[in-house]
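All values reported here derive from a predicted model rather than from experimental measurement. Counting starts at 1 for both ligands and their atoms, in listed order.
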Amino acid sequence: MKLRAVVFDVDGTLAETERDGHRVAWNRAFELIGLPDRWDEELYGRLLWVTGGRERLRFYFEVFRPELRADDRLIQKAHDLKNREFLAMLTAGIIQPRPGVRRLVGELLDRGIAVGVATTGSREWVGLLLEAILGPDLARGLGVVVAGEDVTRKKPDPEAYRLALYRLGLQAGEAVAVEDSQNGVEAAAAAGLPCLAVPGFYTLFAREDFGRADLAVDSLGESEQPVRVLYNPHKIAVDGLVTAEVLTCLQQAAVGGRR
Ligand code: XBP
Ligand code: MG
């Protein structure tokens with residue numbers, strides 16, 4: 001079965017958007033609303049287990065601030081302010097792509113392999129983020145962008161990946177997913193996609209389980225920053241860089257192993 005598409009997660013995978021992006025934007029939103037709450041790096045890292053910004057804030061209020069009796073109106077207001085702050089950070093160029101992202105997306109498109117995105121993040125900022133980290137030409141080349149609003153159940157539910165496959169017109173085994181978190185790997189695996197894990201700041205040293213991934217590396221790699229292989233159950237040859245060839249081998253090994 002030929003590799004026909006690669007579907008990337010966004011937050012933590014294409015760019016380190018959480019610690020210095022969404023988290024900082026949330027704290028600015030709390031300040032603008034007049035709430036004393038501030039999420040430090042450690043607390044935010046734990047809250048990331050809940051996917052979806054609104055869902056994460058609701059969880060935080062219920063567990064840490066039940067006395068606030070936060071309602072949907074306050075949660076929506078805070079999330080809207082956070083996204084406005086995050087958009088301003090994108091416009092200021094604060095968020096940069098992780099190593100190898102632009103190189104690999106360009107290589108895949110040059111080889112006629114479709115590139116898609118499946119994120120639980122908000123459509124409001126996803127488009128601008130993709131332009132900011134991929135550049136307008138590569139962003140225009142994306143075959144599908146599934147955002148949080150397109151699904152009723154967020155990761156680790158497989159809905160986002162199933163929708164991306166549907167919109168690409170592909171079977172699960174014809175595509176590979178690229179994810180940074182256990183929730184994301186589990187969503188891709190549940191949808192039947194072979195998966196490359198690229199854990200990042202919040203997921204590399206957390207006790208996240210990447211056992212359902214078909215390969216795990218510390219980044220996609222650049223010539224001056226070679227890849228470190230973390231988990232390689234199919235013994236795929238990775239010579240310093242994650243390339244279209246590596247992803248094809250991953251797909252063949254994963255699909256082949258299912259017969
Ligand atoms: C990560 C998420 C998102 C972001 C914030 O998404 O769970 O909620 O943290 O985005 P993924 P919103 O890793 O699937 O890209 O506040 O817009 O949800
Ligand atoms: Mg992610």
Side-chain angles (χ1 to χ4, degrees), residues 7-30 39 41 43-61 75-90 94-95 97-98 101 116-130 132-134 142 144-164 177-191 193 195-204 206 208 210 212-213 216 219-220:
V7 184
F8 290 87
D9 163 57
V10 175
D11 292 291
T13 299
L14 291 179
E16 287 288 8
T17 56
E18 297 291 3
R19 181 189 64 184
D20 301 333
H22 293 296
R23 181 184 68 88
V24 173
W26 275 118
N27 287 335
R28 286 198 188 134
F30 297 151
W39 288 349
E41 289 185 19
L43 171 59
Y44 189 67
R46 287 193 281 141
L47 292 173
L48 273 176
W49 187 255
V50 178
T51 57
R54 270 193 301 279
E55 295 81 353
R56 184 169 307 132
L57 181 60
R58 180 173 292 112
F59 172 83
Y60 168 77
F61 280 147
I75 289 169
Q76 186 61 52
K77 181 180 177 185
H79 193 238
D80 291 345
L81 280 171
K82 184 277 285 189
N83 281 346
R84 193 189 72 184
E85 293 298 317
F86 186 63
L87 280 166
M89 296 167 97
L90 293 178
I94 292 171
I95 306 292
R98 287 189 65 184
V101 164
V117 159
T119 174
T120 51
S122 305
R123 182 165 294 284
E124 180 182 356
W125 53 262
V126 169
L128 190 63
L129 175 70
L130 292 171
I133 55 176
L134 296 176
L142 297 179
V144 64
V145 176
V146 172
E149 292 85 348
D150 299 326
V151 294
T152 51
R153 294 176 304 278
K154 295 193 174 178
K155 299 172 185 176
D157 188 282
E159 188 180 349
Y161 280 106
R162 287 192 174 128
L163 180 57
V178 184
E179 273 282 357
D180 72 302
S181 68
Q182 177 180 338
N183 277 331
V185 168
E186 295 195 358
L193 282 83
C195 187
L196 167 70
V198 276
F201 174 80
Y202 271 123
T203 51
L204 184 58
E208 299 223 346
F210 292 102
R212 295 189 73 183
S219 84
L220 297 175

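Counting protein heavy atoms only, atom 6 (O) of ligand 1 is closest to Thr120 OG1, 2.8 Å. For atom 18 (O) of ligand 1, the closest heavy atom belonging to the protein is Gly53 N, 2.7 Å. Ranking the protein heavy atoms by distance from atom 10 (O) of ligand 1 puts Trp125 CZ2, 3.3 Å first.
Of the N and O atoms on the side chains of Glu208 and Ser181, not one donor lies less than 3.5 Å from an acceptor on the other residue.
The distance from ligand 1 to the heavy atoms of Ser122 drops below 4.0 Å at these ligand atoms: 12 (P), 17 (O). For ligand 1 and Val10, the ligand atoms under 4.0 Å from any heavy atom of the residue are 15 (O). Against a heavy-atom cut-off of under 4.0 Å, Lys155 is close to the following atoms of ligand 1: 14 (O). Of all atoms in ligand 1, numbered sequentially from 1 with element shown, those under 4.0 Å from a heavy atom of Thr51 are 7 (O). Heavy-atom proximity to Glu18, at under 4.0 Å, picks out these atoms of ligand 1: 1 (C), 4 (C), 9 (O). Near Thr119, the atoms of ligand 1 lying under 4.0 angstrom from a non-hydrogen atom of the residue are 6 (O), 11 (P), 14 (O), 15 (O).
For ligand 1, the polar-atom distance check against Trp26 finds no nitrogen or oxygen pair separated by under 3.5 Å. Considering backbone and side-chain atoms together, Asp180 places no N or O closer than 3.5 Å to any N or O of ligand 1. Here's the thing with Leu48: none of its N/O atoms is less than 3.5 angstrom from an N/O atom of ligand 1.
Cation-pi check for Arg19 over Phe201 is met; the charged atom lies under 6.0 angstrom from the ring centroid and within 45 degrees of its normal.
In this structure, His79 is part of the shell of residues with a heavy atom less than 4.0 angstrom from ligand 1.
A search for salt bridge (Lys or Arg N to Asp or Glu O under 4.0 Å) contacts involving Glu55 returns Lys154, not counting sequence neighbours.
In this structure, the side chains of Val10 and Trp125 come closer than 4.5 Å at one or more pairs of heavy atoms.
Excluding water, every protein N/O/S atom under 2.8 Å from the Mg ion (ligand 2) is given here by residue and atom: Asp9 OD2, Asp11 O, Asp180 OD1.
Checked against His22 for a side chain to side chain donor-acceptor pair (under 3.5 Å), the options Glu85, Arg56, Lys82 give a single hit: Lys82.
Under 4.0 Å from ligand 1, the heavy atoms of Arg56 that appear belong solely to its side chain. Only the side chain of Asp9 comes within 4.0 Å of ligand 1, counting heavy atoms alone; its backbone N, CA, C and O stay farther away. When non-hydrogen atoms are compared, ligand 1 lies under 4.0 Å from neither the backbone nor the side chain of Arg54. Contacts with ligand 1 closer than 4.0 Å are made by side-chain heavy atoms of Lys82 only, the backbone lying farther away.
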